[in-house]
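Inspection log for the structure reproduced underneath, given as structure tokens.
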Amino acid sequence: MKLTFLIACCVLFLGFPVAGFAQDTPEEAQPADSITTPIPAPPGNVTAWDTENDHGHSVSLSWEPSPDDGTGLGNVIGYIVFRSDSPDGPFVDRGVQPAGASGHTDVGSKEEASQDYMADYVDYYYKVRAITADSLVFAESVMVGPVQSYGQWFNTGRIPVLVFVLCFMAITIFFIQKAKSGANLFVRRLAGIEAVDEAIGRATEMGKPILYVLGLGTAADIATIASYTILGRVAKKIAEYQTGLIVPCYDPITMTVAQETVKTAYMDAGRPDAYNEDMVYFVTQSQFAYVAAVNGTMLRERPATNIYMGKFYAESLILAETGALAGSIQIAGTDEIAQIPFFVVACDYTLIGEELYAASAYLGREPLLLGSLKAQDYAKAAVIILAILGVIAMNVGLDGFKDLFYISN
Amino acid sequence: MFTPAPLLALSSSTIGVSISLGLVGLGMVWMLIRSLRARDVDRRIVFLFIFISVSAPILFPITFSETPTPVVKKLFDKVESLPADSKVLISFDFDPAMAPEVQPMADAFTRHCMAKNHKVIFMSLWATGQSLLNQTMRAVLVTEFPEKRDGIDYVELGYKAGNEGVLNVIVSNFRKMFPTDVNSIPLDSIEIFDKIKSCRDLDLIISIGGGKPGIKEWVLFVGDPTKTPIGAGVAAVVAPQLYPYYPKQLLGLLGGVKGAAEYESELVRHYPQFEEVDKPGLRMMGPQTFAHVVILAFIVLGNISFFVSRRRASR
Amino acid sequence: MKRSSIIIMLVVLAMFVISWLAKASSMAGVEDHNIWHGFLITFSAFLTLAILSFLYKDNPFYKFAEHLFVGVSAAYWMSMGFWTTIVGNLIPRISNSLSAFFEVPPIADEWALLLLPDSVTFFIPVILGIMLLLRLSRNMGWISAWPLAFIVGSTAGFNLVRYLRSDFIEQVSSTFVPLLVDWQGTGHFFSHLNLNASGQFVTMAGNWVIFLGVMCGLIYFFFSKEHKGIFGFGSRVGIWILMVTFGASFGYTVMGRISLLVGRLTFLFGDWLGLIS
Amino acid sequence: MKRQVPLALVFIFGIFMIIQYFIPHEKSEWVYEFFLDWIYIIGIFALALGIWSLIRVSYDKIKYRRPNWQYAAITLLGLFFMILFGFDYGRHIFSAEGLRNYMFVSFFDYILIPIQATMFSLLAFFIASAAYRAFRARSALATLLLLAALIIMLRFNPYFGAVTPYIEKTAGWLLNVPNLAAKRAIIIGVGLGIVATSLKVILGIERAYLGKD
């Protein structure tokens with residue numbers, strides 16, 4: 001209480017006129033103020049080093065909190081880190097840490113044009129200042145330095161990722177080899193996929209086309225890539241049954257790919273004559289304009305079946321409901337978790353998340369694709385085992401186990 | 001196309017809304033009967049119901065008298081109980097996407113503080129908050145309180161980059177982070193700041209947002225060290241995550257449209273002069289609840305007709 | 001065209017004109033170019049209604065709005081892309097004279113790739129782009145696969161590591177939850193048994209559900225084994241949990257979706273018809 | 001040539017991107033940023049391709065008087081004018097004012113925005129009809145779906161949710177516990193699927209996107 005009163009006085013009478021120089025460099029401390037607020041002890045044992053696993057332009061610091069931080073006088077409310085490129089200043093403010101903090105990372109810009117550009121391979125000197133509520137009362141650590149920043153060529157923090165990448169590659173390649181050697185790999189049936197076939201049959205009977213929507217993904221979205229395989233299979237069947245196919249596209253590159261896929265499918269089916277460039281066409285690259293157009297198509301062409309496979313966002317429900325309105329059978333598949341519920345609710349069959357990828361392998365029926373599907377399953381088994389081990393470890397207090405998975409930056 | 005206009009103008013909103021309520025109610029009864037006969041309704045009828053239930057409360061603004069929940073009341077009472085000329089900081093920590101939900105709160109807070117003659121400091125931790133801040137200043141301050149003068153009754157510090165860093169500095173010294181206000185007038189020559197050095201000198205801090213940096217940061221970096229009371233307004237989605245801080249670290253919390261509506265109605269109860277001003281919170285409230293109830297009703301109806309038809313089938 | 005539809009057309013047209021004039025007159029004095037602004041607002045109101053009319057059934061007005069929307073939006077993205085990417089990003093790097101023509105500041109070389117200046121390296125995407133356009137030609141079409149390969153390949157590599165990290169490793173490690181929260185013996189557990197949300201029992205139950213839920217979910221996504229026996233049970237539990245989640249997220253979204261409609265109707269009743277102050 | 005080169009490219013760039021992820025050094029960052037820029041630039045050419053396809057399809061529609069051919073004309077008109085305004089004649093044709101051209105902006109504000117917002121707002125109707133149609137206790141699973149949805153909806157209905165703390169608690173639990181578990185299971189699965197598929201692409205096993213030979 002008394003303290004706050006003192007602070008208030010100091011702010012009123014002394015603080016204010018001087019506060020103009022608030023951005024004061026460490027040199028000009030005002031001994032006069034020490035009467036009002038006791039000066040805290042400085043942070044001890046400051047060390048500075050180049051930040052690991054980064055592109056350079058950054059230095060990390062650590063220090064022991066001032067004895068008056070929390071304990072002692074308890075008037076330290078934070079720390080300011082100062083940097084200079086020469087031992088005798090001028091020092092500039094490089095960031096603030098709250099009370100109790102014992103470290104800071106000084107990250108500069110890598111753009112030479114930028115204000116806080118921080119050059120690599122240059123000597124820097126650091127000070128840490130313990131600040132109190134009164135900006136004129138503070139204590140500074142001894143200066144540390146010189147320290148240089150530079151970029152690394154390997155990110156040790158990401159070793160776990162590397163390990164997993166290699167393991168996964170190994171499993172996949174192993175099973176692909178196995179598949180090549182003709183071992184038959186069992187894959188359980190997926191309701192959604194079985195449905196595709198009968199849906200095509202139904203469309204043929206009704207003499208109505210099939211609408212295939214690749215979603216809003218770009219050509220490189222993995223969901224879209226999986227969708228191509230399914231499209232290829234569907235198109236092949238359609239070509240055999242001589243049913244109509246409509247593929248409106250949102251992304252121009254996706255369109256070119258889809259055209260390629262459908263064309264080949266028709267050739268494989270031995271009916272290149274039946275293929276027609278306008279089956280696969282570009283609409284527009286604007287979400288709701290695309291939806292508007294597809295909705296229109298649904299109500300005008302009255303497709304027997306709508307297949308939605310790929311990436312979908314808010315439009316998922318609009319599409320699915322309009323499709324239901326048009327009385328089409330609807331089969332959906334997406335890895336966009338937020339949208340799965342709407343498809344589940346509004347469609348007849350839904351491939352949930354991973355099933356979409358499984359479907360592409362399952363439909364392709366190529367041993368190679370199935371091989372990688374096996375690899376996925378074994379990875380999942382590994383996850384289950386790891387999770388069980390991890391839980392046990394947690395409960396017997398082996399926290400080290402979790403650190404095996406720790407990825408720094 | 002314009003014929004309804006005079007009619008609506010004449011009809012007091014209560015009549016209008018009761019009519020539409022009756023319509024919807026009757027419709028529901030009719031559908032209940034249909035469902036009991038196990039007949040499904042065409043979805044167009046569903047659409048129609050939604051349309052009516054949303055548009056009616058918009059046309060005849062039905063303001064359910066919101067009785068504020070304690071978590072809102074406490075915040076209101078705090079602003080109310082502060083003596084005139086208290087220093088209140090309002091931080092706009094949100095973006096246009098969140099704005100429909102939380103901007104009403106910002107407006108309500110601003111009105112309340114102005115009515116109580118508090119000195120208000122506006123700032124934002126979000127780059128996108130700046131424009132929304134200006135929006136509130138234009139819509140509320142300049143138009144409704146022309147007598148209030150910039151720099152004396154309120155000051156706009158605007159946006160400063162640095163997220164929590166900003167808070168870390170202003171906790172000890174505003175001038176370090178904000179040498180000037182948005183109009184680049186040095187704080188030293190701004191009357192409000194005569195007596196303000198750091199966040200400690202504020203009587204109340206209100207953070208409006210729902211993302212990071214936001215309420216959590218204000219509590220951890222400013223509220224806890226300085227013991228300055230902090231109030232918050234957030235999007236409905238994030239409200240549950242903040243309840244743990246109430247009441248120890250958070251004075252009060254407005255959650256989503258509902259919270260805004262409660263505050264607005266409380267405001268009107270104390271300050272009748274705000275009867276006329278637009279109350280988006282309350283306005284949004286009607287349609288949302290109304291339509292929401294209708295949807296729930298539909299789910300129930302759907303199941304009734306389903307069960308009836310199934311019993312028929314089993315017979 | 002049937003007579004009835006012609007009549008409808010005329011009626012709508014008449015209403016449009018009326019509302020336009022009314023709007024314009026109501027804006028007179030308040031705004032300059034009130035005729036033009038009246039038209040714009042009336043037109044966007046018309047488009048709004050046209051789209052909404054789709055809820056009843058497909059109709060010429062919806063078709064009109066839809067086709068207009070498609071054309072305009074495609075052009076919009078084209079212009080956007082041209083100005084932001086070609087003019088904003090490509091030209092300043094490859095040619096000073098061109099950037100002078102477009103009045104954009106040239107971007108300094110970063111000598112990034114193989115020590116070639118940007119002005120050279122940035123011709124590569126242009127060439128790839130042109131290759132893509134070549135697909136329009138009958139006999140050179142095959143070359144369009146090259147830029148495709150570049151895009152697909154690099155994004156595949158990009159996705160592989162990032163998803164492995166964020167969707168796999170980090171998710172797995174966050175499944176390591178303590179199943180015995182501050183366990184002080186069975187006796188203590190049952191004596192302190194209570195149902196408040198932060199209580200030991202509830203947290204523990206929660207952790208168990210999370211752990212088993214993830215397990216069963218994964219089992220459901222197992223493809224190389226028939227879902228039978230204990231395995232089948234696991235997958236069934238998995239799908240139950242999935243369904244609960246889907247229901248929950250659906251219910252969660254409802255409120256937000258309604259406010260979208262509120263926004264539109266406020267435009268119709270307020271900005272256009274001026275029924276709400 | 002026609003087959004091998006693309007597959008080789010995919011492999012090279014794929015592997016490069018994987019390696020790049022482990023090299024924090026500026027140089028690798030630069031290359032990475034360049035690739036992203038490149039992809040955007042190629043995208044624009046592709047967009048031109050798309051516009052071409054749009055024009056051709058609409059043109060054919062008109063030429064062969066396909067059903068609704070009149071509307072195709074509207075599409076073309078909209079396209080034409082918007083591009084015209086977009087490539088504005090401010091200071092000289094192709095001035096960067098393109099996007100600030102008055103007509104361009106008004107087209108955006110009074111055609112694109114209203115239609116877009118309205119399309120989006122259709123969700124309010126569809127979410128209702130979907131709920132009515134699908135939330136029926138047909139089977140055990142459907143019932144679970146229904147109950148979960150009901151509880152959450154009651155929770156977020158400001159009038160029921162507030163009054164019954166029980167619903168509030170249950171809803172909170174649903175969102176924090178089973179929801180978390182299921183989402184995590186899906187995410188892990190999807191993650192695996194994506195990783196596996198990317199790998200297949202890089203190794204040239206999954207090549208549907210090139211069109212089979």
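Convention: sequence-line order gives letters A, B, ...; per-chain numbering from 1.
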Under a 3.5 Å distance rule, please check whether [X] uses its side chain to pair with a backbone N or O of [Y] as donor and acceptor.
| X | Y | answer |
| --- | --- | --- |
| A/His57 | A/Gly108 | no |
| A/Thr334 | A/Gly310 | yes |
| A/Thr297 | A/Ala293 | yes |
| D/Glu206 | D/Thr197 | no |

Taking side chain as everything from C-beta outward and backbone as N, CA, C, O, which of these in [X] sits under 4.5 Å from a heavy atom of chain A? Side chain, backbone, both or neither.
| X | value |
| --- | --- |
| D/Phe135 | side chain |
| D/Leu203 | side chain |
| D/Leu79 | neither |
| D/Lys183 | both |
| D/Ile23 | both |
| D/Glu29 | side chain |
| D/Val190 | both |

At a 4.5 Å cut-off on heavy atoms, which part of [X] comes close to chain D: side chain, backbone, both, or neither?
| X | answer |
| --- | --- |
| A/Asp251 | neither |
| A/Asp120 | side chain |
| A/Tyr150 | neither |
| A/Val161 | both |
| A/Ala324 | side chain |
| A/Ile173 | side chain |
| A/Ile337 | side chain |
| A/Ala292 | both |
| A/Ile176 | side chain |
| A/Gln285 | side chain |
| A/Ala314 | both |
| A/Met267 | neither |
| A/Ile340 | side chain |

* **Side chains of A/Thr156 and A/Glu52, donor plus acceptor under 3.5 Å** =>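 Looking only at side-chain atoms, A/Glu52 and A/Thr156 do not form any donor-acceptor pair under 3.5 Å.
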* **A/Phe164 and A/Phe405: CA distance, side-chain angles, deciding distance, side chain to side chain contact (heavy atoms under 4.5 Å, CB included) verdict** => CA-CA 10 Å; A/Phe164 273 92; A/Phe405 298 81; 3.7 Å; yes
* With D/Arg136 as the cation and D/Tyr132 as the aromatic partner, state whether NZ or CZ is under 6.0 Å from the six-membered ring centre and within 45° of the axis. => yes
* Asked: Mind checking whether D/His25 and A/Trp153 have parallel, tilted or perpendicular rings, split at 30° and 60°?
  -> parallel
* Measure the acute angle between the ring planes of D/Phe35 and D/Phe16, then classify it against the limits of 30° and 60° as parallel, tilted or perpendicular. =>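 Because their plane-to-plane angle lies in the 30° to 60° range, the rings of D/Phe35 and D/Phe16 count as tilted.
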Option in [options] with maximal non-hydrogen atom pairs under 4.5 Å from chain A:
| options | answer |
| --- | --- |
| D/Gly191, D/Ser129, D/Ala117 | D/Ser129 |
| D/Ala130, D/Ala134, D/Ser198, D/Ala142 | D/Ala130 |
| D/Leu49, D/Ile19, D/Leu199, D/Val201 | D/Leu199 |
| D/Arg56, D/Gln116, D/Arg133 | D/Arg133 |

* Asked: Do D/Phe107 and D/Phe81 have their ring centres less than 6.0 Å from each other?
  ->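 No, the ring centres sit 6.0 Å or more apart.
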So, do [X] and [Y] sit near enough that their side-chain heavy atoms are less than 4.5 Å apart?
| X | Y | value |
| --- | --- | --- |
| D/Lys27 | D/Val31 | no |
| D/Tyr21 | A/Asn155 | no |
| D/Phe126 | A/Thr322 | yes |

* Asked: chain D: which of A/Leu162, A/Val291, A/Thr172, A/Ile225 shares the most heavy-atom pairs with it under 4.5 Å?
  ->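 Highest number of pairs under 4.5 Å: A/Leu162.
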* When only pairs under 4.5 Å are counted, which of A/Gly151, A/Cys249, A/Ser286, A/Gly371 shares the most heavy-atom pairs with chain D? -> A/Gly151
* Asked: If you draw a 6.0 Å radius around CZ in A/Phe154, do more than 12 non-hydrogen atoms from other residues or ligands fall strictly inside?
  -> yes
* Is A/Lys374 salt-bridged to A/Asp377, cutoff N-O under 4.0 Å? ->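 Result for this pair is no, no salt bridge flagged.
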